[in-house]
Undergrad: 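After the structure tokens below, expect a handful of questions from me.
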Amino acid sequence: MTIAVCPGSFDPLTLGHLDIVRRARSLFDEVVLGVARNSSKSALLSAEQRVEIARAALDASPGLEDVRVAIVPGLLVDFCREVGAVAVVKGLRGGADFDAELPMALMNRHLVGVETVFVPGDPALAHVASSLVKDVARFGGPVDDLVPAGVGDLVRQALADRAAGSTPAADQTRQAQPATPTTEGTGR
């Protein structure tokens with residue numbers, strides 16, 4: 001049985017992420033969506049919220065109900081070893097993604113021998129990125145067609161809470177982050 005990990009911060013999960021998971025599921029016997037805590041980013045949603053969002057979206061997606069969701073507590077390679085993964089699957093929207101992902105893929109292979117499989121993103125979703133979803137939502141733009149059902153509302157609420165000075169989700173995430181840096185990627 002081959003197991004692959006689709007890692008990212010998923011802050012928030014987008015339809016582009018689901019596309020990559022769907023295609024990874026067609027290549028591997030089992031897929032684990034690894035929700036990472038990226039120490040270089042200030043998360044809008046808590047890791048627990050991101051896990052709940054991912055689980056609900058996968059359960060609502062035919063053929064993805066059996067994809068596991070788990071938090072990556074530290075180094076991605078340690079997580080891969082724990083779940084028995086032989087590969088990391090990352091989506092690429094363009095050359096900049098490849099430039100960012102290649103050094104991490106090489107480091108992951110160097111550390112434990114886990115290979116990275118790059119899957120080209122669907123061109124229809126190439127403009128969809130978690131950071132852009134948050135930016136558009138922050139200024140009142142429509143994002144519901146870029147994310148799974150209900151996620152747009154959660155993003156808007158989290159942004160409103162942050163603007164009002166209440167940031168419990170982000171504070172929980174920052175407090176729970178490990179001191180060890182991760183090699184999980186850029187969060188697509």
Undergrad: Among Val155, Val133, Val128, which one satisfies side chain to side chain contact (heavy atoms under 4.5 Å, CB included) with Val147?
TA: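 Result: among Val155, Val133, Val128, Val133 is the only option passing the side chain to side chain contact (heavy atoms under 4.5 Å, CB included) with Val147.
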Undergrad: Measure the shortest side-chain to side-chain distance between Val67 and Val32 over non-hydrogen atoms and say whether it is less than 4.5 angstrom.
TA: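 A side-chain contact is absent here, since even the closest heavy-atom pair is not under 4.5 Å.
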Undergrad: Do the charged groups of Asp19 and Arg22 touch, with an N to O distance under 4.0 Å?
TA: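 The answer is no: the pair does not qualify as a salt bridge.
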Undergrad: Test your reading of the model: is there a side-chain donor-acceptor pair from Glu48 to the backbone of Ser46, 3.5 Å cut-off?
TA: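 Checking the backbone N and O of Ser46 against the side chain of Glu48, no donor-acceptor pair under 3.5 Å is found.
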Undergrad: Give a yes or no on whether a salt bridge exists between Arg93 and Asp122, defined as a side-chain N under 4.0 angstrom from a carboxylate O.
TA: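 No, this pair does not count.
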Undergrad: Roughly how far, to the nearest 0.5 Å, is CG of Leu45 from CG of Leu154?
TA: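 Leu154 CG to Leu45 CG: 7.0 Å, rounded to 0.5 Å.
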Undergrad: To the nearest 0.5 Å, what is the distance between CG (Asp59) and CG (Leu64)?
TA: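 Atom-to-atom, Asp59:CG and Leu64:CG are 9.5 Å apart.
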Undergrad: Hey, are Asp153 and Gln157 close enough side-chain-wise for a donor-acceptor pair under 3.5 Å?
TA: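 No, because no side-chain N or O of Gln157 sits under 3.5 Å from a partner of the opposite role on Asp153.
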Undergrad: If you define the side chain from C-beta out and look only at heavy atoms, does anything of Asp97 sit under 4.5 Å from Phe118?
TA: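 Of all side-chain heavy-atom pairs linking Phe118 with Asp97, none is under 4.5 Å.
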Undergrad: Between Ser130 and His17, is the side chain to side chain contact (heavy atoms under 4.5 Å, CB included) condition met? List the steps.
TA: CA-CA 9 Å; Ser130 295; His17 293 130; 3.3 Å; yes
Undergrad: Are the side chains of Ile20 and Val89 in touch, meaning some heavy atoms are under 4.5 Å apart?
TA: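 A side-chain contact exists here, since the closest heavy-atom pair is under 4.5 Å.
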Undergrad: Roughly how far, to the nearest 0.5 Å, is the CD1 atom of Ile53 from the CZ atom of Arg55?
TA: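 Reported to 0.5 Å precision, the distance equals 13.5 Å.
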Undergrad: Applying side chain to side chain contact (heavy atoms under 4.5 Å, CB included) to Val117 and Phe28, what does each step give before you reach the verdict?
TA: CA-CA 11 Å; Val117 175; Phe28 295 92; 4.1 Å; yes
Undergrad: Could you see if Leu92 belongs to whatever hydrophobic cluster contains Leu106? Use Ile, Leu, Val, Met, Phe, Trp, Tyr and a side-chain cutoff under 4.5 Å.
TA: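 Both belong to a single hydrophobic cluster.
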Undergrad: Using modelled atom types and a 3.5 Å cut-off, is there a donor and acceptor pairing between side-chain atoms of Arg25 and backbone atoms of Asp29?
TA: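 Checking the backbone N and O of Asp29 against the side chain of Arg25, a donor-acceptor pair under 3.5 Å is found.
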Undergrad: Taking the side chain as C-beta and beyond, is there a heavy-atom pair between Cys80 and Val88 under 4.5 Å?
TA: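 Sidechains of Val88 and Cys80: in contact.
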Undergrad: How long is the straight-line distance from CG of Leu102 back to NZ of Lys90, given to the nearest 0.5 Å?
TA: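 The distance works out to 13.0 Å.
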Undergrad: To the closest 0.5 Å, what do you measure between CG (Asp11) and CZ (Arg50)?
TA: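 Interatomic distance, Asp11 CG to Arg50 CZ, rounded to 0.5 Å: 5.0 Å.
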Undergrad: Do Leu13 and Pro148 have side chains that get closer than 4.5 Å, going by heavy atoms?
TA: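 Yes. Closest side-chain heavy atoms under 4.5 Å.
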Undergrad: Side chains of Val72 and Val35, heavy atoms from C-beta outward: is any pair under 4.5 Å?
TA: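 No. Closest side-chain heavy atoms not under 4.5 Å.
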Undergrad: Begin from the C-alpha positions of Asp144 and Arg156 and carry the test side chain to side chain contact (heavy atoms under 4.5 Å, CB included) through to its verdict.
TA: CA-CA 10 Å; Asp144 295 303; Arg156 285 185 287 275; 3.1 Å; yes
Undergrad: Answer yes if Leu132 and Leu125 sit in the same cluster of Ile, Leu, Val, Met, Phe, Trp and Tyr residues linked by side chain heavy atoms under 4.5 Å apart, and no otherwise.
TA: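 No, separate clusters.
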Undergrad: Indicate yes or no for a side-chain donor-acceptor contact from Arg37 to the backbone of Ala43 under 3.5 Å, with no hydrogens or angles considered.
TA: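 No, Arg37 side chain to Ala43 backbone: no donor-acceptor pair under 3.5 Å.
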Undergrad: Heavy atoms only: give me the nearest Phe10-Gly34 pair and the separation to one decimal.
TA: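 Between these two residues, the closest heavy atoms are CE1-O, 3.4 Å.
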Undergrad: What closest approach, in Å, do Val143 and Ala137 show between heavy atoms, and which atom pair accounts for it?
TA: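 Looks like CG1-N, 3.8 Å.
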Undergrad: For the residue pair Arg109 and Thr116, establish whether any side-chain heavy-atom pair is separated by less than 4.5 Å.
TA: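 No. Closest side-chain heavy atoms not under 4.5 Å.
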Undergrad: Identify the two heavy atoms, one from Ala57 and one from Ser61, that lie closest to each other, and give their separation to 0.1 Å.
TA: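 Reported closest heavy-atom pair: O-OG, 2.7 Å.
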Undergrad: Please report the shortest heavy-atom distance between Asp99 and Pro103, naming the atom on each side.
TA: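 Closest pair (atom of Asp99, atom of Pro103, distance): O-CD, 3.2 Å.
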Undergrad: Quick one: closest heavy-atom pair of Ala129 and Thr14, and the distance?
TA: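 Shortest heavy-atom contact: C-CG2, 4.3 Å.
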Undergrad: CD/Gln49 to CD/Glu52 distance, rounded to the nearest 0.5 angstrom?
TA: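 Gln49 atom CD to Glu52 atom CD measures 7.0 Å (nearest 0.5 Å).
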Undergrad: Test Leu76 against Val114 for side chain to side chain contact (heavy atoms under 4.5 Å, CB included), laying out the working first.
TA: CA-CA 10 Å; Leu76 177 59; Val114 68; over 6 Å; no
Undergrad: Side-chain contact, heavy-atom cut-off 4.5 Å: Leu44 with Arg162?
TA: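 They are in side-chain contact.
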